[in-house]
Each structure stands twice: as structure tokens, then as C-alpha cells.
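All values below were derived from every heavy atom in this structure, side-chain atoms included, with hydrogens, water molecules and symmetry-related copies excluded. Since this is a predicted model, take the numbers as computed values, not measurements.
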Amino acid sequence: MTTGLQYPLHCVAGGFAVVDGTDELEQSLRMVLLTYPGERVLRPDFGCRLRDFVFETVTPATQVWLADEVRGALRACEPRAEVDQVDVVPDQGIDGLVHLVIGYRPVDGGSQRELTVDLRTDRAGTAGGDD
């Protein structure tokens, strides 16, 4: 079992808070998705190109492209998780919001798990949403 610093960093009892087990793995999966390739100086290939989808309209083709990007980034950057499925689910109530639902299994023999990460695209955050 691995242990890592909790992100975002904060102090507890004179030290930094830590996470371990599946919490640490899920934190790492999120970090892969939220880091753009090239942001880490010593690991230029680390990360996922989610920012490339920020102004894309959510279509079936975009959903497939986005799922492939997520799957590829997680497989390349986080060997402790076996990604079984990535579903891109548009939010029914918020235009431009998609939920990335990632089915994975820790390679150390853990049970099947699911992680959801939200991504805002196209008109998300605009006044009235009538662009």
C-alpha cells in the first residue's frame, strides 16, 4: 500500500496530511486528468489533454474522443490502476457539463471501483447559456 501527501496540501498536528490506499490512488488518477502534458518539467508526457475539450460542443463524436483521451492518459501515467471503462455522461441540468465516469480496478488485486470527474465544456459558465 502506498501513502502520499494529501492534495491540496494542508498541515495537521505539525505535519502534512497524508492519504493512502484507494484514496491515494484516486487522488493520483485525478491528478493525471487535471495536469496538462508539459506542466511537469521532469515528466513532460504526464497528464491528460482535457483542456483541449473546454470549448468543444458535446456530441457523440466528442464523447468518444474524450473517453479515448482519458483512457490513454490513465493507462500511460498511472500503472497502479487498470482502466476498464470510461463513460462520458452529459449533465442533464447544466449545459456544457460532462461527468467522466471511470471504471477501474487497482492492479494489486482490489475490487472494481468507480471514479467520477466533472469537466465543463462549451457554454458552461456563460450568462444565460444562450450563446
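- Looking only at side-chain heavy atoms (C-beta outward), E114 and V101 come within less than 4.5 Å of each other.
- Nearest approach of P106 to S111, heavy atoms of both residues: CD-O, 3.4 Å.
- Taking CG of D91 as the reference point, atom CG of D118 lies at 7.5 Å (rounded to 0.5 Å).
- The structure places CD of E82 at 8.5 Å from CD of Q112, a figure rounded to the nearest 0.5 Å.
- A search for side-chain hydrogen bond (donor to acceptor under 3.5 Å, both in side chains) contacts involving Q63 returns nothing, not counting sequence neighbours.
- When the salt bridge (Lys or Arg N to Asp or Glu O under 4.0 Å) test is applied to R113, the partners found at least two apart in sequence or on another chain are E26.
- M31 contributes atom CE, which lies 6.0 Å from atom CZ of R40 (distance to the nearest 0.5 angstrom).
- Residues Y104 and L115 come closest through the heavy atom pair CE2-CB, 4.1 Å.
- The CG atom of D108 lies 11.5 Å from the CZ atom of R105; values are rounded to the nearest 0.5 Å.
- Minimum interatomic distance between I94 and R120 (heavy atoms only, all atoms of both residues): CG2-NH1, 3.8 Å.
- Note that CG of D87 and OG1 of T116 are 9.5 Å apart. Values are rounded to the nearest 0.5 Å.
- In this view, E69 satisfies the salt bridge (Lys or Arg N to Asp or Glu O under 4.0 Å) rule with no residue, not counting sequence neighbours.
- Listed by chain and number, the residues in a ring pair (Phe, Tyr, Trp, His ring centres under 6.0 Å) with F53 are W65 (sequence neighbours excluded).
- Taking the salt bridge (Lys or Arg N to Asp or Glu O under 4.0 Å) definition, one finds that D68 meets it with R71, sequence neighbours left out.
- Cluster annotation: F46 and L34 are assigned to distinct hydrophobic clusters (Ile/Leu/Val/Met/Phe/Trp/Tyr, side-chain heavy-atom contacts under 4.5 Å, transitive).
- The shortest distance between side-chain heavy atoms of L50 and V70 falls below 4.5 Å.
- Counted within 6.0 Å of OH on Y36, heavy atoms from surrounding residues, nucleotides or ligands total more than 12; the atom is thus considered enclosed.
- Among residues at least two apart or in separate chains, there is no salt bridge (charged side-chain N to carboxylate O under 4.0 Å, His left out) pair with a member in residues 27-37.
- The closest side-chain heavy-atom distance from I102 to L29 is not below 4.5 Å.
- By the 4.5 Å heavy-atom criterion applied to side chains, T62 and T121 are not counted as neighbours.
- Looking at L100 and V88, their side chains come closer than 4.5 Å, going by heavy atoms from C-beta outward.
- H99 and L97 get closest at one heavy-atom pair: CE1-CD2, 3.9 Å.
- Nearest heavy-atom pair, G47 versus C77, reported as atom, atom and distance to 0.1 Å: N-SG, 3.4 Å.
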